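Down below is the structure, laid out as structure tokens.
Note that the structure is a prediction, hence the values are computed from the model and not measured.
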Amino acid sequence: MTQPGDYGLPGSLHRALSDVAAERAAQDAMWGLQEHPDGTGPAYAPEADLAKQAVTDAAAEGRLTWRHILHEEVLEAFAEEDADRLRTELIQVAAVAVKWVQDLDRRRSCGGPQTSPAEKATSP
């Protein structure tokens, strides 16, 4: 049975999040507790604005890819200095990355191409 967030593939959200949890556990096993400064702030706002425009342009031209979307979300996070808003942006980064994984899994399960039609159109 497909659940909300399954992206048309039953169990895909649970599988993707389980894989993320396993990767997080592996990171902790390898590196232990890590504490670093955020390294984000308004200095990155111009890059975020460019990424937003790239998404708008690509969508208007019919060549929008997951890379465009994830890149925009990452740069929006980089431009944030408020901890609460940074957390919100990072959750959006994670959600887009998980949805991209689900799309890869859906394509694989449907016997479809491993690359999206838009990606093929932009490949050299």
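Atom CD1 of Ile69 and atom CG of Leu64 lie 4.0 Å apart (nearest 0.5 Å). To the nearest 0.5 angstrom, Tyr44 atom OH is 8.0 Å from Phe78 atom CZ. For the atom pair CG (Asp105) and CG (Leu9), the distance works out to 6.5 Å, reported to the nearest 0.5 Å.
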Indicate every side-chain donor-acceptor pair of residues 46-61 with a distance under 3.5 Å to a residue at least two apart or in another chain.
unit_1 : atom_1 : unit_2 : atom_2 : d
Gln53  : NE2    : Asp57  : OD1    : 2.6
Thr56  : OG1    : Lys52  : O      : 3.1
Glu61  : OE1    : Arg63  : NE     : 2.5
Glu61  : OE1    : Arg63  : NH2    : 3.0

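The salt bridge (Lys or Arg N to Asp or Glu O under 4.0 Å) analysis of residues 14-33, with sequence neighbours excluded, yields the pairs Arg24-Asp28.
Smallest separation of non-hydrogen atoms from Ala77 and Leu90: CB-CD2, 3.9 Å. The nearest pair of heavy atoms linking Val93 to Leu70 is O-CD1, 3.7 Å. Closest approach of Val98 to Ala16, counting heavy atoms only: CG1-CB, 3.8 Å. Considering all non-hydrogen atoms of both residues, Glu80 and Asp82 come closest at OE2-N, 3.5 Å. The two residues Gln102 and Tyr7 make their nearest non-hydrogen contact at NE2-CB, 3.8 Å.
The backbone N or O of Leu13 lies less than 3.5 Å from no partner atom in the side chain of Gln3, so there is not a single donor-acceptor pair. Between the side chain of His71 and the main chain of His68, no donor-acceptor pair closer than 3.5 Å is present.
With respect to Asp84 and Arg87, no salt bridge is recorded, no charged nitrogen being found less than 4.0 Å from a carboxylate O.
In this structure, the side chains of Asp103 and Arg107 come closer than 4.5 Å at one or more pairs of heavy atoms.
Trp100 and Val74 fall within a single hydrophobic cluster, where Ile, Leu, Val, Met, Phe, Trp and Tyr are joined by side-chain heavy atoms under 4.5 Å apart, directly or via other members.
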